[in-house]
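Report on the structure given below.
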Number of protein chains: 2
Amino acid sequence: MADVARRAGVSMATASRALSNHPHVAEETRARVLAAAEQLSYVVSPEASRLAGGATDRVAVVVPHISRWFFATLLEGLEAVLRDADLDVLLYHVGDAADRRDFFQRLPARRKVDAVVVLGMPVMHGERERLESMGVHIVAAGGQVEHYPYVSIDDAAAGRQAVDHLLFLGHRRIGMIATVEPTEPGWPANPGRARAYREALAEAGLPAEPGLVVTVPWGGVPGADAMSQLLSLREPPTAVYAHSDEVAFGAMRTLRRAGLRIPEDMSVVGIDDHPMAELADLTTVAQPVRDQGVAAGRMLLALLAGGEPEGGGTVATRLVVRGSTGPPRPGSSRARSSSPRPGRR
Amino acid sequence: MADVARRAGVSMATASRALSNHPHVAEETRARVLAAAEQLSYVVSPEASRLAGGATDRVAVVVPHISRWFFATLLEGLEAVLRDADLDVLLYHVGDAADRRDFFQRLPARRKVDAVVVLGMPVMHGERERLESMGVHIVAAGGQVEHYPYVSIDDAAAGRQAVDHLLFLGHRRIGMIATVEPTEPGWPANPGRARAYREALAEAGLPAEPGLVVTVPWGGVPGADAMSQLLSLREPPTAVYAHSDEVAFGAMRTLRRAGLRIPEDMSVVGIDDHPMAELADLTTVAQPVRDQGVAAGRMLLALLAGGEPEGGGTVATRLVVRGSTGPPRPGSSRARSSSPRPGRR
DNA sequence: TGCGTGATCGGAAACGCTTCCAGAGGTTGC
DNA sequence: GCAACCTCTGGAAGCGTTTCCGATCACGCA
């Protein structure tokens, strides 16, 4: 920076002010400094800057999964706006509870970042305090978080769109494949989506049959297993509501292998609108994933600029009807065994 | 740190040495310092450390795509070993050529990181120099890069496994769906996979029919379009080789919609072994994606430790035969129109 | 014309570490 | 027994910014 200052004919103090957009710097001087910096292709050292009290221009992004489409897409949107604002993204993958503890234990120890974005997972109480106590900004996206500026879908509403669709089609025996986090057993991945199912059924005057609900770890193969389980019922459902598209894909494989037709013998609906859903012809509830990442990024930028975050809250989902759902067959489920479907391979 | 030093009854110099594992510190002294640090729950400030000449303990990871399964999975593996080694991961998404230029232009300006890992993309000559000139280590994974420690599959070999499988099954008219980067038109995503096709056909004494090769941007929908194009030929192929599973999924949708049976009417083979391939019953050439990320991470660690990277180079792929491939129908392609398949929905 | 005022700018003190340079003891080799 | 050498430790000089505290200067007003 000394070089830049010299070249611009000013002191380091002024150069610093010009570079970091401080007021009280003559416009002409600022221009001169900027030009000098440009010529020397100089950029401030984040280390020195931070050490001296400036910002780190770095934000931490915490995700429970990297390779899953949903999280990766959220991240993609977020990274785009952050990088546009010249912020560096530090990626932290917290897989299980131990990782979580580790993360919240260590990151705050020293100010490595100006803010942290939590993607697709809840923030526990103690962790919240830890974060807050060190004055970094926090934003959440894609998960069920309150207390913070956040953006996500309304899981319960999305679930209702899916289940109501099945009800509207005339289904009365509807199965649900719920998921839990593979790494954190017992942690329901989406309580809201399960609640929607119960409420929709209750409102329709249908009984809650425990056998129609099966809970598995998130994933395609578990989804396939879940479907097998539903097919093993004395009276299987005529439609299934899966908490996520990937799980629905698994369910569809089981149906295909069992020689059942979709949707004639079984309707399937998922949530997310995974890119593959279009290819698999899966009816699903679409949510704008990338946009949520983008919105979270923008909120963070506002916060960092000292303003109030806007555009947060809940974003709308919409049902996308494809070929995997249809009315139940007239004879209901009992009729199935009487009409062997044509062998297909 | 002053506090720690005082509490341990040593000077700051010694405290620093103890904390950063320098030699020439009495074991007993080191223990005392560590204990003091522990009690005060002190950790060194990365900023100050770096400023004074230490390492940043940060590595940049450059990826051309974040949300695609392949890249996200690579990243997941890499992040795991890096974080295990207490290194922070700075994520940079370079979408198109402009982003690339931007990245290589700016990152090197100041030493923000100790090393950079390039995932799934080539490094141009000029960029290479830029990187090297600033002395950061470089490692590549999942892409066609030489000059550097790298780990990836042998695309040509993988392609051969796929095409040879089709040839072995008796196919003589084999189509190929090749892909180019959506963001960089002209940039063939996988030259090796295309070469494999040409070589395999040539060795089998089959003519190279331009019409059997269609090139589309990477993606499921483009894959579907490509299949449509192949089906519009006067004499369509009896099997298709897609450069990647996602593209194959798209092709499968087109076949399903056209009422064609897989594999009776058309065999399909992909590359990657995407998790969805198992669910879609797609024959494919599997590559260990996460492992490549892990291997790259380990190599980087070795480099950072001043050693020589090991475990790099090419990793093996293997054909995974599922239900999407089979022998061509006896009558070859001409017989198709004569035997209408049963309507399926 | 004298002086308060606000806009600019410079000097210099942190910020929290690492490491060079020495110095104090204790060992080893002849 | 003495010099040469290690091992361990402390003092202090940076590392590259930001920012506090004044200093300077032009301007407007009484």
Side-chain angles (χ1 to χ4, degrees), chain A residues 1-37 40-58 86 88 106 108-114 134-135 304 306, chain B residues 1-37 40-58 86 88 106 108-114 134-135 304 306:
Chain A
M1 178 180 271
D3 291 341
V4 174
R6 200 172 313 120
R7 188 179 188 114
V10 298
S11 73
M12 274 191 52
T14 301
S16 171
R17 277 187 287 251
L19 261 350
S20 43
N21 254 330
H22 268 273
H24 295 309
V25 175
E27 210 38 68
E28 192 258 326
T29 309
R30 183 192 309 282
R32 203 141 33 87
V33 173
L34 259 34
L40 275 50
S41 75
Y42 160 93
V43 296
V44 305
S45 150
E47 330 294 341
S49 170
R50 169 67 197 116
L51 185 53
T56 67
D57 283 351
R58 246 175 265 144
D86 270 330
D88 283 327
R106 311 180 46 184
R110 284 293 181 210
R111 271 195 76 184
K112 282 186 171 182
V113 296
D114 298 333
M134 51 169 312
L304 252 22
Chain B
M1 178 179 271
D3 290 343
V4 174
R6 201 172 313 120
R7 188 179 190 113
V10 299
S11 72
M12 274 192 53
T14 302
S16 171
R17 276 186 287 252
L19 261 349
S20 43
N21 253 332
H22 266 273
H24 297 308
V25 176
E27 210 38 68
E28 192 258 328
T29 309
R30 185 193 306 283
R32 205 143 29 87
V33 173
L34 259 32
L40 275 49
S41 75
Y42 163 94
V43 297
V44 307
S45 151
E47 328 295 341
S49 170
R50 168 69 195 112
L51 225 209
T56 67
D57 284 349
R58 246 174 266 143
D86 269 329
D88 282 328
R106 311 181 45 183
R110 284 293 179 211
R111 271 195 76 184
K112 284 185 170 181
V113 296
D114 298 333
M134 49 169 311
L304 252 22

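Computed over heavy atoms, backbone and side chain alike; hydrogens, waters and symmetry mates excluded. The chains referred to below are lettered A, B, ... by the order of the sequence lines, with proteins before strands, and numbering in each begins at 1.
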Exercise. In degrees rounded to 10°, what angle is found between the helical axes fit to the five outermost pairs at each end of the helix from C/dT1-D/dA30 to C/dC30-D/dG1?
Worked result: 30°
For this session: Heavy atoms only: give me the nearest A/Ala36-A/Ala8 pair and the separation to one decimal.
Result: CB-CB, 4.1 Å
Exercise. Should A/Ser49 be listed as having a side-chain N or O under 4.0 Å from OP1 or OP2 of D/dT17?
Worked result: no
Exercise. In whole Å, what is the span from the CG atom of A/Leu51 to the P atom of D/dT18?
Worked result: 11 Å
Problem set entry | Length of the line joining B/Glu47:CD and C/dT18:C1', which is rounded to integer Å | 15 Å
Exercise. With nearest nucleotides of DNA chain C determined for A/Ala13 and B/Ala15 from heavy-atom distances, which residue corresponds to the more 5′ nucleotide?
Worked result: A/Ala13
Exercise. Over how many whole Å does the gap from B/Glu28 atom CD to D/dC8 atom C1' extend?
Worked result: 12 Å
For this session: Send over the distance from B/Asp57 CG to C/dT18 P, rounded to a whole Å.
Result: 11 Å
Seminar exercise, completed: Shortest non-hydrogen pair, B/Ala15 vs B/Met1, comes out as CB-CG, 4.3 Å
Problem set entry | A/Asp57/A/Asp88 under side-chain contact (heavy atoms from CB on, under 4.5 Å): CA gap, chis, key distance, verdict | CA-CA 6 Å; A/Asp57 283 351; A/Asp88 283 327; over 6 Å; no
Problem set entry | Qualifying residue, where the test is side chain to side chain contact (heavy atoms under 4.5 Å, CB included) with B/Val10 and the options are B/Val25, B/Val4, B/Val33 | B/Val33
Exercise. Please give, in whole Å, the distance from D/dC8 P to B/Arg32 CZ?
Worked result: 13 Å
For this session: Please check the phosphate of D/dG10 (OP1 and OP2 only) for any side-chain N or O of B/Thr14 closer than 4.0 Å.
Result: yes
Seminar exercise, completed: B/Arg30 CZ to D/dT7 C1', in whole Å, measures 13 Å
Exercise. Quick one: is B/Ser16 getting a side-chain N or O under 4.0 Å of the C/dT18 phosphate, OP1 or OP2?
Worked result: yes
Problem set entry | Given C/dG16, C/dG10, D/dG16, the nucleotide with the shortest approach to the side chain of A/Ala48 | D/dG16
Exercise. Shortest non-hydrogen contact from B/His22 to B/Arg30?
Worked result: O-NH2, 2.8 Å
Problem set entry | Proximity to DNA chain D (any heavy atom under 4.0 Å), residues of residues 17-26 of chain A only | A/Arg17, A/His22
Problem set entry | Shortest non-hydrogen separation from A/Pro46 to A/Arg58 and the atoms involved | CB-NH2, 3.8 Å
Seminar exercise, completed: Quick note, B/Met1 side chain, CB onward, closest among C/dG10, D/dC15, C/dC17 is C/dC17
Exercise. From B/Arg17 CZ over to B/Met12 CE, what is the distance, rounded to the nearest 0.5 angstrom?
Worked result: 11.0 Å
Exercise. In whole Å, what is the span from the NZ atom of B/Lys112 to the P atom of D/dG16?
Worked result: 17 Å
Exercise. So, for A/Ser45 and A/Ala48, which heavy atoms are closest and what is the spacing to 0.1 Å?
Worked result: OG-N, 3.1 Å
For this session: Indicate whether OP1 or OP2 belonging to C/dT8 is found under 4.0 Å from a side-chain N or O atom of A/Thr29.
Result: no
For this session: Compare every heavy atom of A/Leu19 with every heavy atom of A/Leu34, then report the nearest pair and how far apart it is.
Result: CD1-CD1, 3.6 Å
Seminar exercise, completed: note: A/Met12, atom CE; C/dA13, atom P; distance rounded to Å ~ 14 Å
Exercise. In Å and rounded to the nearest 0.5 Å, what is the CZ to CZ distance from A/Arg7 to A/Arg32?
Worked result: 12.5 Å
